[in-house]
**Student:** 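Have a look at this one before I ask anything.
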Amino acid sequence: MSNEIKIQLPDGSVREVPAGTTALDVANSISPRLAAAVVVARVTPLRGVAATANEAALEASEEAMYSGHAGDAARVVDLRAPLTEDVALELLKESDPAALRVVRHSAAHVMATAILELFPETKLGHGPATDNGFFYDVYREVPFTEMDLAAIEARMAEVVARDEAFVRVEEPREKGLEEYKAQGEFMKVHFIERFTKPGEEISLYRNGGFTDFCRGPHVPSTARVKAFKVMSIAGAYWLGNENNQQLQRIYGTAFFSAKEMEAHFKHLEEIKARDHRVLGKQLELFSIQEVAGAGLIFWHPKGGLIRKTMEDWMRDECVRRGYQLVYTPHIMRRELWKISGHEGFYAENMYPPMELDDAEYRLKPMNCPGHILIYKNSPKSYRDLPQRYAELGNVYRYERSGTMHGLLRVRGFTQDDAHIFCTPEQVVSEIEACLDFAEAVLKTFGFKEYRVELSTRDPKKGTDFVGTEEDWANAEGALTGVLQGRGLSFQNFPGEAAFYGPKIDVKLVDVLGRLWQLSTVQFDFNLPKRFELEYIGEDGAAHQPVMVHRALFGSVERFFGVLIEHYAGSFPMWLAPVQVGLVPISNEKHLAYAESVKQRLEAAGLRVELDASNGKMQSKIRDFGLQKVPFILILGDKEAATDSVSVRVRAKGDEGSVTLEAFVERAKRLVAEHAMEL
RNA sequence: GCUGAUGUAGCUCAGUGGUAGAGCACUCCCUUGGUAAGGGAGAGGUCAUGGGUUCAAGCCCCAUCAUCAGCUCCA
């Protein structure tokens, strides 16, 4: 290695500096102000190889947190790390997202410092940055209380005020292991053994009296952690396994400034304001009743109306696309679930059997066996295929008590479930049609972005799957082919397939950028075999049909929950339970006109509510506003005289008067077009 | 299921062992108004449920149920 190395800056200029120069040195040589503002550096080795940034992948991998092996890829390093080879150098300031992750990771160290100072008996697990902050997993017999958390936060402020430099130390692995073993730090010992190899140097980061096994990088000193908050505490299993010991996971968040942190908290409040559980109550859409049981949804009139609209659309669309609507029972005899295999592989998610006469019955957790019985009820010719049975089927699944969440995770729900029985030749076009349908659902309900995931078999786990190698290869090939044929970009998840077949999941991205699993299209090799499904082919012989499961809303409840949050309760016209609110300026003078307007709007098929209470018009406007009613019509002398209405539009305000006729036309058009805007 | 927190009027929440509270909503009365809260009065609670401690429990203890934040699992 020569003594001089080349440093390429983002503007393309190249500097020759002695090996061992640090990013901080480079920053200082440019400007001391830059040096003060910069947090960490991103370096990409210049070896004539096209280096690609794969930080995201690195950060996702726990291994990478500790190993430090990043090959030729770009990596984020400490400002004080000596540069030893030719690199492209980027000095990252506080505004860089990568810098934010670094300061949060440093904040986790600050928190660990505070915890050990206050509660020295605590053992440390790991403390990574997350999308919204950071956490540290720790073990301590006694639970931390809220007062403890406040004390930890206060002590963190002291650690920050001490302005302790984060110093990277490398030492022999065995030395580190010995020290941690002596301290009883069983989790650190595990991480070193898991993520480093014998004979290697391990890296530690030290600030003041605190040392942590850590790959880094970190901000230069604790003083750079300018804004932070200890948020909450929760349990977390050691190594994510519920059979293991439970740790205490302390969550916090950190920013480079109090202002950014305030903005973050404000954002959290906005998310809470669109929480479907909060809006469900405020807008009287649905409830969950303790006396009835957890995870069971009561659809109130307004929620019910939205549901009806969703279901009507879905049924019509199914019929239009060649599905046949079917209905199957909610309870069926246990024998059926034995044949389908649910008794075996799904029993723990099913409600227990109930005895009726001499037989045992079970509540259905899935619709497939019912649809299969319909298929099997009469012989099928290849000319009959595909058979597409669709049902909005209510299913009940036992979910563990801590897992329920509003409409998004429940014990009783309605699947817009369909099963397609077809010949192997028809599979590709059927899958195509399913994806097409899924896209139509997303588009119609106002989602612009979505992601596609292909779950395939992990060849290493051969015995955990039903079906032959050939079946799987064909099915996976078909799914991949369809996705590629449509030009859809998708992520492949080997090993994530159901045991009975591969699947395509469509996850939608809501207005806040959150991901929701809804639509799914799955192959099934299992049930056609178990039920010995057949069709008579052109050759006159019996063949086994291919079976495809498909749900597009996924669950009507969950889809509704996502819709509520997506629209923050401000539904587009066609979905809004009350589309028009009527406000007479004076009941005495204008109620009669208001009632005639109501009648005429209802005759036009609109959903209207007239507030005939004796309050002031201002408060009536406010009430409709809080209910997020799309249009409020103000009716006074002027309107009554000209057969017109004064239109107030949700989120826009007063738009002045138009004739009733013109308003009806506008409203009907918005409904018919499923328009997102008003 | 696990860890921690919470459960008081329809809703949002006060109430640290001694007679159960507020605002909004509701009912009635007054007010009849021009684009997000007019005024007054009234009614409304088995303090989640079941045990226990105490002269006395919304409050302290135990159990159960539910909710919340996570973990695990999933549409």
Side-chain angles (χ1 to χ4, degrees), chain A residues 130 135 137 143-146 148-149 231-251 272 275 277-278 281-282 284 287-296 346 348-349 365-366 395 397-417 498 505 507 516-520 522 549 551-559 561-562 581 583-591 613-627 632-639 646-657:
Chain A
T130 64
F135 64 78
D137 277 350
F144 288 102
T145 64
E146 251 161 66
D148 293 337
L149 297 190
M231 302 290 289
S232 62
I233 185 159
Y237 298 108
W238 168 231
L239 302 177
N241 184 332
E242 65 178 315
N243 298 317
N244 285 348
Q245 198 158 29
Q246 193 152 26
L247 309 174
Q248 302 191 63
R249 174 169 295 181
I250 306 178
Y251 283 89
K272 206 184 160 196
D275 187 315
R277 294 164 300 182
V278 174
K281 221 176 249 177
Q282 278 170 10
E284 300 174 80
S287 66
I288 296 165
Q289 309 274 342
E290 184 175 344
V291 68
L296 302 170
Y346 208 70
E348 66 197 31
N349 289 300
M366 294 187 191
V395 295
R397 299 182 184 174
Y398 172 73
E399 295 288 346
R400 294 158 104 192
S401 64
T403 57
M404 264 78 72
H405 184 92
L407 292 170
L408 304 180
R409 185 78 182 271
V410 295
R411 283 182 175 159
F413 59 102
T414 310
Q415 283 184 310
D416 66 315
D417 207 0
D505 288 329
K507 298 195 171 179
W516 301 97
Q517 153 82 60
L518 297 161
S519 307
T520 181
Q522 312 188 347
H549 303 250
L552 304 179
F553 287 148
S555 127
V556 175
E557 283 75 7
R558 176 178 287 185
F559 194 83
V562 174
V583 176
I585 288 178
S586 153
N587 279 356
E588 282 178 7
K589 286 190 262 175
H590 311 122
L591 202 51
S613 70
N614 68 356
K616 286 185 74 161
M617 64 168 285
Q618 281 84 347
S619 74
K620 295 181 185 183
I621 290 171
R622 179 168 190 269
D623 290 345
F624 281 129
L626 290 175
Q627 287 295 305
I632 300 171
L633 303 184
I634 317 296
L635 308 168
D637 285 337
K638 210 176 78 187
E639 289 72 24
S646 174
V647 182
R648 188 187 167 91
V649 185
R650 183 177 64 201
K652 290 181 185 163
D654 187 5
E655 284 193 355
S657 291

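Letters go in sequence order (proteins before strands), and every chain restarts at 1.
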**Student:** Using atom C1' of each nucleotide, how far apart are B:A20 and B:G58 to the nearest Å?
**Tutor:** 8 Å
**Student:** Rounded to the nearest 0.5 Å, how far does CG of A:L408 lie from CD of A:E557?
**Tutor:** 10.5 Å
**Student:** So, OP1 or OP2 of B:G70: does either fall under 4.0 Å of a side-chain N or O from A:H405?
**Tutor:** no
**Student:** Side chain of A:S232 only, heavy atoms from C-beta on: which candidate in B:A75, B:A69, B:A37 is closest?
**Tutor:** B:A69
**Student:** Could you go through nucleotides 4-12 of chain B and list every protein N or O atom that sits under 3.5 Å from one of its N or O atoms, giving the distance for each pair?
**Tutor:**
from, atom 1, to, atom 2, distance (Å)
B:U12, OP1, A:K281, NZ, 3.4

**Student:** In whole Å, what separates the P atom of B:A69 from that of B:C62?
**Tutor:** 25 Å
**Student:** Taking for each residue the nucleotide of RNA chain B bearing the nearest heavy atom, is the 5' side occupied by A:I632 or by A:Y398?
**Tutor:** A:Y398
**Student:** Taking only N and O in the side chain of A:R648, is any of them less than 4.0 Å away from OP1 or OP2 of B:G34?
**Tutor:** no
**Student:** Rounding to a whole Å, what distance do you find between A:D148:CG and B:U3:P?
**Tutor:** 18 Å
**Student:** For B:A36, does OP1 or OP2 lie under 4.0 Å from any side-chain N or O of A:K620?
**Tutor:** no
**Student:** Can you give me the closest heavy-atom contact between A:S519 and A:L552, atom names plus distance?
**Tutor:** OG-O, 2.7 Å
**Student:** Determine the interatomic distance between P on B:U53 and the same-named atom on B:C61; round to the nearest Å.
**Tutor:** 15 Å
**Student:** Give a yes/no verdict on base stacking between B:A75 and A:F413: centres under 5.5 Å, planes within less than 30° of parallel.
**Tutor:** yes
**Student:** How about A:L626 and A:Q282: do any of their side-chain heavy atoms sit closer than 4.5 Å?
**Tutor:** no
**Student:** Just verifying a value: how many Å separate A:I233 CD1 and A:R249 CZ, rounded to the nearest 0.5 Å?
**Tutor:** 11.5 Å
**Student:** When rounded to the nearest Å, what value does the distance between P atoms of B:C68 and B:A63 take?
**Tutor:** 22 Å
**Student:** Would the number of heavy atoms belonging to other residues, nucleotides or ligands and lying under 6.0 Å from CD of A:Q245 be above 12?
**Tutor:** yes
**Student:** Applying side chain to side chain donor-acceptor pair (under 3.5 Å) to A:E588 and A:S586, what does each step give before you reach the verdict?
**Tutor:** CA-CA 5 Å; A:E588 282 178 7; A:S586 153; 5.1 Å; no
**Student:** Quick check: any donor-acceptor pair below 3.5 Å linking the side-chain of A:R409 to the base of B:C73?
**Tutor:** yes
**Student:** Would you mind telling me which of B:C71, B:A37, B:G34 lies closest to the side-chain atoms of A:S619?
**Tutor:** B:A37
**Student:** Is it the case that B:U3 (base atoms only) and A:R249 (side chain only) share a donor and an acceptor within less than 3.5 Å, ignoring hydrogens and angles?
**Tutor:** no
**Student:** Once pairs are restricted to Watson-Crick or G-U wobble with both distances under 3.5 Å, how does RNA chain B read as a dot-bracket string, [ ] for crossings and | for other-strand pairs?
**Tutor:** (((((((..((((....[..)))).(((((.......))))).....(((((..]....))))))))))))....
**Student:** Rounded to whole angstrom, note down the C1' distance from B:A66 over to B:A48.
**Tutor:** 7 Å
**Student:** Please give the distance between the C1' atoms of B:A41 and B:G33 as a whole number of Å.
**Tutor:** 22 Å
**Student:** Could you pull out the closest heavy-atom pair between A:W238 and A:N244, with the gap in Å?
**Tutor:** O-ND2, 2.8 Å
**Student:** Would you measure the distance from the C1' atom in B:U72 across to the matching atom in B:G4 and give it in whole Å?
**Tutor:** 16 Å
**Student:** Got a donor-acceptor pair under 3.5 Å from the side chain of A:E588 to the base of B:G33?
**Tutor:** no
**Student:** To the nearest Å, give me how far apart CG (A:L626) and P (B:A36) are.
**Tutor:** 12 Å
**Student:** Apply the test side chain to side chain contact (heavy atoms under 4.5 Å, CB included) to residues A:V647 and A:L633: give CA-CA distance (whole Å), side-chain angles for both, the deciding distance (0.1 Å), then the verdict.
**Tutor:** CA-CA 5 Å; A:V647 182; A:L633 303 184; 3.9 Å; yes
**Student:** Pick the P atom in B:A22 and in B:U64, then give their distance to the nearest Å.
**Tutor:** 36 Å
**Student:** Return whichever of A:N349 or A:N614 has its heavy-atom-nearest nucleotide of RNA chain B closer to the 5' end.
**Tutor:** A:N614
**Student:** Taking side chain as C-beta onward, heavy atoms only, is A:R397 less than 4.5 Å from A:F413?
**Tutor:** yes
**Student:** Taking CD from A:Q245 and C1' from B:C71, how many angstroms apart are they, rounded to a whole number?
**Tutor:** 14 Å
**Student:** Is there a donor and acceptor pair closer than 3.5 Å between the side chain of A:Q522 and the base of B:A75?
**Tutor:** no
**Student:** List the atom of A:A294, the atom of A:R411, and the distance in Å for their closest heavy-atom pair.
**Tutor:** O-CD, 3.7 Å
**Student:** Between A:I634 and A:I621, is the side chain to side chain contact (heavy atoms under 4.5 Å, CB included) condition met? List the steps.
**Tutor:** CA-CA 9 Å; A:I634 317 296; A:I621 290 171; 3.6 Å; yes
**Student:** Tell me whether the side-chain N/O atoms of A:R277 come closer than 4.0 Å to OP1 or OP2 in B:A69.
**Tutor:** yes
